[in-house]
Amino acid sequence: MKSISTILTAVLILFFGFFQTAIGCPEENSISEKMVENFLSNPNLSDLRQEVGVTNLSTTQIQVVDNQNTCNILDDEFDSYKDKYIVSYYQVGDFYFVTQILKQPNQVDEVITGLSFIYVYDENLNFIKGYSG
């Protein structure tokens, strides 16, 4: 009886370990990263940066979020959008940025147009503000 429970425990650990790894954090996306860079450096957006308190951040600080706990928290908020949007998570200093960009269809003769979004969170993952464009 002990061997059955040991095997079952091992299978569950492997299953949930695989499941956790399979979900993972979103991969780096060059377009999403450019959105964050633009938000942080575009002179026309200086009022928005001031509004959310990120005027002291630099584009050299942009890092893809790879902390699984942070990704899990953000996934709770953004998983439902991943069918239609490419969702990416970035950390810049003590702030987090989430981007959403519409996915394009696989057909080369079709294009989907619409808004993209960028959301700003503080160091504790409290939502500050979101913008679309």
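Keep in mind it's a predicted model, so treat the numbers as computed, not measured.
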Within 6.0 Å of CD in Gln50, more than 12 heavy atoms from elsewhere: no

Within one Ile-Leu-Val-Met-Phe-Trp-Tyr cluster: Leu45 and Leu115, side-chain cutoff 4.5 Å: no

Sole candidate of Tyr96, Phe95, Tyr90, Phe127 that passes ring-ring contact (aromatic ring centres under 6.0 Å, His included) when paired with Tyr121: Phe127

Residues Ile112, Lys84; criterion side chain to side chain contact (heavy atoms under 4.5 Å, CB included); working and verdict: CA-CA 10 Å; Ile112 295 178; Lys84 293 185 179 183; over 6 Å; no

Parallel, tilted or perpendicular: ring planes of Phe117 versus Tyr119, cut at 30 and 60 degrees: parallel

From CA spacing to verdict: side chain to side chain contact (heavy atoms under 4.5 Å, CB included), Val54, Leu40: CA-CA 8 Å; Val54 298; Leu40 294 175; 4.3 Å; yes

Residues Asp83, Lys103: salt bridge by 4.0 Å N-O rule: no

Derivation and outcome, side chain to side chain contact (heavy atoms under 4.5 Å, CB included), residues Phe39 and Leu57: CA-CA 10 Å; Phe39 185 83; Leu57 299 180; over 6 Å; no

More than 12 heavy atoms from other groups under 6.0 Å of CD on Glu27: no

Ile86 CD1 to Ser32 OG distance, which is reported to the nearest 0.5 Å: 6.5 Å

Flag side-chain contact, heavy atom, 4.5 Å: Ser132 against Ser116: no

Hydrophobic cluster identity match, Tyr131 and Tyr85, side-chain contacts under 4.5 Å: no

Expected output: side-chain Gln61 to main-chain Ser58 donor-acceptor under 3.5 Å: yes

Interatomic distance, Gln104 atom CD to Thr113 atom OG1 [nearest 0.5 angstrom]: 8.5 Å

Asn126 backbone acceptor or donor facing Asn124 side chain under 3.5 Å: no

Identified side chain to side chain contact (heavy atoms under 4.5 Å, CB included) partner of Thr70 from the options Asp66, Asn67, Ile73: Asn67

Any Val98 side-chain heavy atom under 4.5 Å of Ile118 side chain: no

Ring centroid separation Tyr89 to Phe97 under 6.0 Å: no

Non-hydrogen atoms of Ser88 and Pro26 that approach each other most closely: CA-CB, 4.2 Å

Polar side-chain atom of Arg49 near backbone of Asn56 as donor-acceptor pair, under 3.5 Å: no

Cluster link Met35 to Val64, ILVMFWY, side chain under 4.5 Å: yes

Pairwise distance CG(Asn38) to CG(Asn44) - rounded to 0.5 angstrom: 9.0 Å

No-hydrogen, no-angle side-chain donor-acceptor test under 3.5 Å, Glu33 and Asn29: no

Asp94/Asp122 under side chain to side chain contact (heavy atoms under 4.5 Å, CB included): CA gap, chis, key distance, verdict: CA-CA 7 Å; Asp94 290 333; Asp122 69 12; over 6 Å; no

Interatomic spacing from CG in Asn42 to OG1 in Thr59 - rounded to 0.5 Å: 12.5 Å

Within one Ile-Leu-Val-Met-Phe-Trp-Tyr cluster: Leu74 and Tyr81, side-chain cutoff 4.5 Å: yes

CG/Asn106: more than 12 non-hydrogen atoms of other groups inside 6.0 Å: no

Test item: Gln63 side-chain N/O and Val92 main-chain N/O as donor-acceptor pair under 3.5 Å: no

Cluster link Val65 to Ile31, ILVMFWY, side chain under 4.5 Å: no

Distance-minimising heavy-atom pair for Ser41 and Glu37: OG-O, 2.7 Å

Where Glu51 and Lys129 come nearest, the two heavy atoms and their spacing: OE2-NZ, 2.8 Å

